[in-house]
2 protein chains.
Amino acid sequence: MADDLLVKGGPLWAGVGLSWSQGAVAVKDGLVTYAGSADGYQPPAPPAKVLDSQGGLILPGLVNGHTHGAMTLFRGLADDLPLEAWLHQHIFPAEAKWVNPEMVELCTLLAAGEMLLSGTTTVCDAYFCMTAAARAYGQVGMRAIVCQGVLDFPAPGVPDPGQKFAVCRDFLEYCQGRWPLVSAGLFAHSCYTCSPATLQETSRLAAEHGVPWFTHLSETVHEIYTMRQRFGADPAQHLANLGILESLKAGVHGVWLDAEEAALLARAGVGIIACQESEMKLASGTCDIPGLLAAGVTVGLGTDGAASNNDLSMIGELGFASRAAKLDTMDPTALSAVQTLDLALTGSARCLGLEGVVGRLAPGFAADLVVLQALAPHLTPMYDPASALVNQCRGADVRHVLVAGRQVVADRQVLTFDLREVMARVRGLARQVAGPGA
Amino acid sequence: MADDLLVKGGPLWAGVGLSWSQGAVAVKDGLVTYAGSADGYQPPAPPAKVLDSQGGLILPGLVNGHTHGAMTLFRGLADDLPLEAWLHQHIFPAEAKWVNPEMVELCTLLAAGEMLLSGTTTVCDAYFCMTAAARAYGQVGMRAIVCQGVLDFPAPGVPDPGQKFAVCRDFLEYCQGRWPLVSAGLFAHSCYTCSPATLQETSRLAAEHGVPWFTHLSETVHEIYTMRQRFGADPAQHLANLGILESLKAGVHGVWLDAEEAALLARAGVGIIACQESEMKLASGTCDIPGLLAAGVTVGLGTDGAASNNDLSMIGELGFASRAAKLDTMDPTALSAVQTLDLALTGSARCLGLEGVVGRLAPGFAADLVVLQALAPHLTPMYDPASALVNQCRGADVRHVLVAGRQVVADRQVLTFDLREVMARVRGLARQVAGPGA
């Protein structure tokens, strides 16, 4: 049987140790059937279709381990502020006023468009009103783990915190088998905003439905201080004390983990999703990625939401992760380009429970791939694709994107929905958020 | 008399405190005659030509305070290495073998194309064989201060260090009045690679020709250690001891300046050009920009060369400068978006002696301006142009560029030379640099 599609015409970076100066990737039924040298592709029948990368670099779609998609509405609304003022005077009030299912669907569409156009094909999105987010990703044709947020105080779509798990159950049932590429999860906000009972029920409900759960973990010094005051334990130890650490798929941020916490995470098989660009902007610190890797912790990368990053480009995140590691350690050899790129591929994939599914182009993996336009001055010359990706590529270099073998971006245009109309509608909504006189 | 050109059709960010939601910039004879609200432009005669930004954001061209343009050839040649191995085993040997006037002209053209396409209209470029670099910038129509490098050991184009000042004199005479936008300067490599006599002669020769001189200053801990060992003084104090600190226009990097060195620089009126992206990648540390500003030092931004950045985008540099300041100080209010943007405009302009000439759009300033395409998902919504520029813009958002009123980039295409051909030639040269089997 012939393959559905062959992508070729340029260099292929398919994963660590898997690169070819002239590569080819064949696809059938949404999966990779071949990834290797163009010459080595010798199918019994010619593929149904060929996508010529025209010299462009072919690589696996990037995996965004953590974002809050709908927060694109609040992108740049309030920058350069202390964390508490930012959250309590700007973000929480804006969320209370503007977040509803219609807003979440619209602004998640914007997020999805931005992510696809910058080479992300898989995302883990945690927010509220998540049936609406699931609809957005379903419509877009992007691979997503969509997580309903859990908090002990009123939240968008959950005015009565007593109903939070009822909302979660409805959400999990709604998502069940509805879209082939969208799955559900839960996201407990943090160990300091969720009671022990809430954390335990999140873990239990996730297990009951066979879905992953996540939480913000060890983001700020203030969090560590609060946890020690209130529970006499740092957050990972707190989850271990509650008997639920091993059920956690991954923690997000991991900025203030000490050696004991890192060892605990490694033993429990819990990953850390670092969001360095956001952590730097909020002055939280940065995640010690080389240290965590040395301790045996799986590390992935995420962008965080657009209110704190302020973009959703995983390519941008690569540059910050690499440079933050070198700066922190004062060692220019720390976190090489290949290691950094792999964090955003197999690292994030493992943190999301998608190892063996995404993050690499090899037979049996999902045909989630990106073609980068390499004919640009900032990419000239290109001695090493991994170095170029980490050190000077940017989202705008992405030209084509496939998810599960389906082309969703062609020549920098999203094919599956009207992004222009979505942008116009978000701009209209933003004018209301900014208020009169803005 | 009618203006030559009017740029309008979108928001204008003309400088700190100078922004309009619908702006206009009028140009005559290469200078701005009007910058303000579109409604406020009431000329006696209509302008000869109108450039409609179509909703795009209009801003002053960015000022790259420091680069080594021709090093684009070595972009990504050797990353993730210790500084000494990087320099001595890779960069210096590659320079000795490949740098010559033809290479410098070609690779500086590539650098100029990359800079223009990412919104830089003024650059200070320090390297060797600089008559060739001056020819490149002259051809491109970019505003440049082109500085011949000074070193006490053999350098490209200066095989006999005894001839270094003869080469400098020839260079300074060659440049004299040759291109309207290109001026000359000198660049003493550093206080640890140039003897006191060399530094003093650089200062004297610069004064004799009425040109600025610059030097790398306080980049690494190793440099500080060497200077204390050899001269019993940190580099700024060393220059003060030699009686030439006040003649220095600006030092580059300024990572390891203590309070005394900062006070010395402030008193002497010497600026510091920070290159945070390069400093992070080389694990040198980062320049404490908020601290230097508080000490009264003028701070500008630069990209450094493509071998250590690895791109020449000042828009990218904005994001790193802002986030590095917040991370270093653990204060999210440090270096606001407006302050950061101003570093790359009036800050760099002052460091280069171009205050009142570039870095702002106001009557009498050079008509060096950029139009950014704002209709993109990562720029939607845009509550505040300065925040967008610092936090999520990227070079590829640049659509049009004017230098001295002349359009040199239109719809993302460089108009003044064949960039495609330059890229092809650099790729050819890079294949030779990489050697057989690469």
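Each chain gets a letter, A, B and so on, in the order its sequence line appears, and its residues count up from 1. Since the structure is predicted, the reported quantities are computational estimates derived from the model, not experimental observations.
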Is chain A contacted by the side chain of [X], its backbone, both, or neither, given a heavy-atom distance below 4.5 Å?
X	result
B/Asn310	both
B/Leu282	backbone
B/Ala388	neither
B/Leu375	both
B/Asp397	neither
B/Thr329	neither
B/Glu279	neither
B/Leu81	backbone

Counting heavy-atom pairs under 4.5 Å with chain A, which one of B/Gly113, B/Ala376, B/Ala85 comes out on top? B/Ala376
Lys/Arg N to Asp/Glu carboxylate O, A/Asp80 vs B/Lys326, below 4.0 Å: yes
Measure across B/Lys281 and A/Pro332 and return the closest heavy-atom pair with its distance rounded to 0.1 Å. O-CB, 3.9 Å
For A/Leu73 against B/Pro381, the heavy-atom pair lying closest together: O-CG, 3.6 Å
Would B/Phe320 and A/Phe320 satisfy ring-ring contact (aromatic ring centres under 6.0 Å, His included), going step by step from the backbone distance to the final call? CA-CA 8 Å; B/Phe320 277 95; A/Phe320 277 95; 4.1 Å; yes
Based on non-hydrogen pairs under 4.5 Å, which of A/Ser118, A/Gly316, A/Ser387, A/Ala306 is most in contact with chain B? A/Ser387
